[in-house]
Amino acid sequence: MADQTRFDKVLTQCKQIGQEHLLAFYAQLDAQQQDALLEQIEKLDFKHIPAWVEQYVKKDGMLAIPTSFEPAPSYPAQPKTAEQKDTYRKAHQLGETLLRQGKAAGFVVAGGQGTRLGFDGPKGNYPTSPIKKKTLFTIFAESILAASKKYNVDIPWYVMTSPLNYQATVDSFEKANYFGLKKSNVVIFIQGTMPNFAFDGTIFMADKGTLATSPDGHGGSLKALADSGALADMKKRGIEYLSYWQVDNPLVHVLDPLFIGLHAMDGAQMSSKALLKAGPLEKVGNFCLVDGKVTVIEYSDLPDEQAHRTNADGSLVFELGSIGIHMISVSFIETLNAGGGFALPFHKAIKKIPHIDAKGNPVSPDKPNGVKLETFVFDALPMAKKSIILETLRSEEFAPVKNATGVDSAEVTYQMMIDRAACWLEAAGVQVPRKADGRPDCVLEMAPSFALFKDDVQSKASSVSTIRSGDSVYLE
Ligand code: UTP
């Protein structure tokens with residue numbers, strides 16, 4: 001048996017918070033398993049678990065909706081006035097300077113479980129591009145490589161995984177030889193976890209020697225960056241701005257000079273891209289102002305009458321949806337983690353959680369039996385002294401692969417990748433055959449090495465051969 005004093009201490013701590021069942025099978029484990037179990041339990045947040053159980057597990061628990069909130073202001077996708085055009089031009093220039101100076105890095109959160117897509121393995125390995133079937137990780141890596149070439153600087157890439165998909169992610173990067181990036185410029189790290197609770201507040205055991213846990217949500221990234229050493233790595237490299245995106249969106253502009261520039265020019269700490277919602281009830285968070293602070297109110301929390309409110313011109317009052325694209329100042333991540341750290345609110349998800357019962361027999365529930373708690377990164381926005389929002393266009397930058405079929409599925413993403421390539425080509429004067437319904441009558445794939453932005457196509461247009469109906473055209 002492992003050290004008795006250590007065991008006694010852990011048992012006492014567990015008893016104090018009503019979780020002593022976690023050690024029920026301890027005597028049946030070998031020394032190594034005992035050690036691993038004690039280590040897992042020692043890492044639990046004993047101080048806060050009772051309050052979480054009361055607030056989130058036993059009660060409905062979610063945050064109260066603020067009593068008063070208004071729509072958040074934003075920079076439009078296209079500058080309208082002469083003054084705005086000037087601001088955008090200067091911001092773009094500043095963003096490019098910061099990129100050239102090596103002050104910006106990419107950051108993808110890829111620790112999710114991707115249950116809706118049901119893909120075996122890290123979602124970043126999902127084959128997504130229309131012709132070459134490049135994986136999401138490949139597309140991002142090629143974009144970073146193209147930006148590194150454009151700005152003549154090595155741009156580091158931080159990749160957050162969960163304990164569940166860390167090794168598989170590292171293996172796929174290794175196998176692909178880091179997709180052409182220098183291994184030393186790719187930092188793959190692991191996010192934190194949260195225990196899974198039964199409805200009565202007890203923590204589930206996955207097996208006799210392991211607690212049932214799940215990744216602590218994309219909000220966990222702000223802490224994991226510090227805990228993993230990624231923050232220290234950024235500081236060593238002189239990185240000041242972290243461009244954050246989600247692993248499921250192949251259209252994202254991974255390093256957008258305009259966004260970096262506006263964020264830096266305004267002295268913002270954490271900023272967001274937004275798009276105009278497709279309808280009042282679209283399942284995206286709503287950008288609001290609460291006590292003057294940019295705050296995202298979840299679609300499920302925004303009262304229907306607020307969601308449907310319209311302006312005189314018919315547009316929605318709460319029209320800006322959150323799409324998981326942020327610019328985060330490295331100094332902000334440092335401030336958040338300084339001293340006693342910070343706490344984001346939890347969001348509760350009622351899920352089917354496999355576990356063992358009191359006799360140690362495995363249980364695979366066929367209906368939801370417990371609670372998973374996650375934090376969301378946008379809940380850090382109100383903690384920022386300054387936060388700006390830049391609107392973007394759905395067709396330009398948002399085609400997440402979330403579901404196997406239907407809305408936000410790979411099929412939709414496939415078409416949107418072709419549509420965007422067609423628009424970019426046409427904007428540069430290249431003719432694209434279209435069907436009667438307006439959709440491109442060809443399959444197009446534009447590699448990041450060909451263009452990262454619409455304007456990049458201009459100089460390449462003359463090299464594109466005539467595109468005919470039914471063609472498959474890969475541009476690199
Ligand atoms: P989603 O909310 O789409 O969750 O994550 P998911 O786990 O990937 O998919 P479902 O809900 O199980 O189908 C949005 C982004 O946040 C990351 C995901 O990898 C994705 O990029 N994420 C989510 C994390 O990095 N860690 C988490 O704990 C949760």
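First listed ligand is number 1; within each ligand, the first listed atom is number 1. Along the sequence shown, residues carry numbers from 1. Bear in mind the structure is a predicted one, so any value in this text is a computation, not a measurement.
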- Query: What about the rings of Trp245 and Phe140, do their centers lie closer together than 6.0 Å?
  - Reply: yes

- Query: Atoms of ligand 1 less than 4.0 Å from Met160 heavy atoms?
  - Reply: 25 (O)

- Task: Give a yes or no on whether Lys223 atom NZ has more than 12 heavy-atom contacts from other residues, nucleotides or ligands under 6.0 Å away.
- Result: no

- Task: Can you figure out which of Arg116, Met194, Gln191 has its heavy atom closest to atom 11 (O) of ligand 1?
- Result: Arg116

- Query: Taking the six-membered ring where the residue is Trp, are the ring centres of Phe173 and Phe137 under 6.0 Å apart?
  - Reply: yes

- Query: Starting from atom 25 (O) of ligand 1, which protein heavy atom do you reach first, and at what distance in Å?
  - Reply: Gly111 N, 2.7 Å

- Task: Would you mind checking which non-hydrogen protein atom is closest to atom 16 (O) of ligand 1, with the distance to 0.1 Å?
- Result: His218 CD2, 3.3 Å

- Could you tell me whether the side chains of Tyr166 and Asp171 share a donor-acceptor contact shorter than 3.5 Å? no

- Message: Which of the numbered atoms in ligand 1 are under 4.0 angstrom from any heavy atom belonging to Gln246?
- Response: 14 (C), 15 (C), 21 (O)

- Message: Please report whether ligand 1 has a polar contact with Lys402, defined as an N or O pair separated by less than 3.5 Å (distance criterion only).
- Response: yes

- Item | Top protein contact for atom 22 (N) of ligand 1, by heavy-atom distance | Gly112 N, 3.4 Å

- Query: Closest non-hydrogen protein atom to atom 20 (C) of ligand 1, residue and atom name please, with distance?
  - Reply: Val109 O, 3.8 Å

- Test: Arg237 and Asp233 ion pair at under 4.0 Å: yes

- Task: Compute whether any side-chain donor of one residue and acceptor of the other, for Ser364 and His355, lie under 3.5 angstrom apart.
- Result: no

- Task: Run the ring-centre check on Phe69 versus Phe318 and record whether the distance is less than 6.0 Å.
- Result: yes

- Is there a heavy atom in Gly220 that sits closer than 4.0 Å to ligand 1? no

- Is the ring centre of Phe197 less than 6.0 Å from the ring centre of Phe204? no

- Message: Under 4.0 Å from a heavy atom of Val247: which atoms of ligand 1 are those, numbered in the order shown and with their elements?
- Response: 19 (O), 21 (O)

- Decide whether the shortest distance between a heavy atom of Gly324 and an atom of ligand 1 is less than 4.0 Å. no

- Item | Within-shell test, Gly114 vs ligand 1, heavy atom, strictly < 4.0 Å | yes

- Message: When you compare ligand 1 with Leu117, is there at least one nitrogen or oxygen pair between them that comes in under 3.5 angstrom?
- Response: no

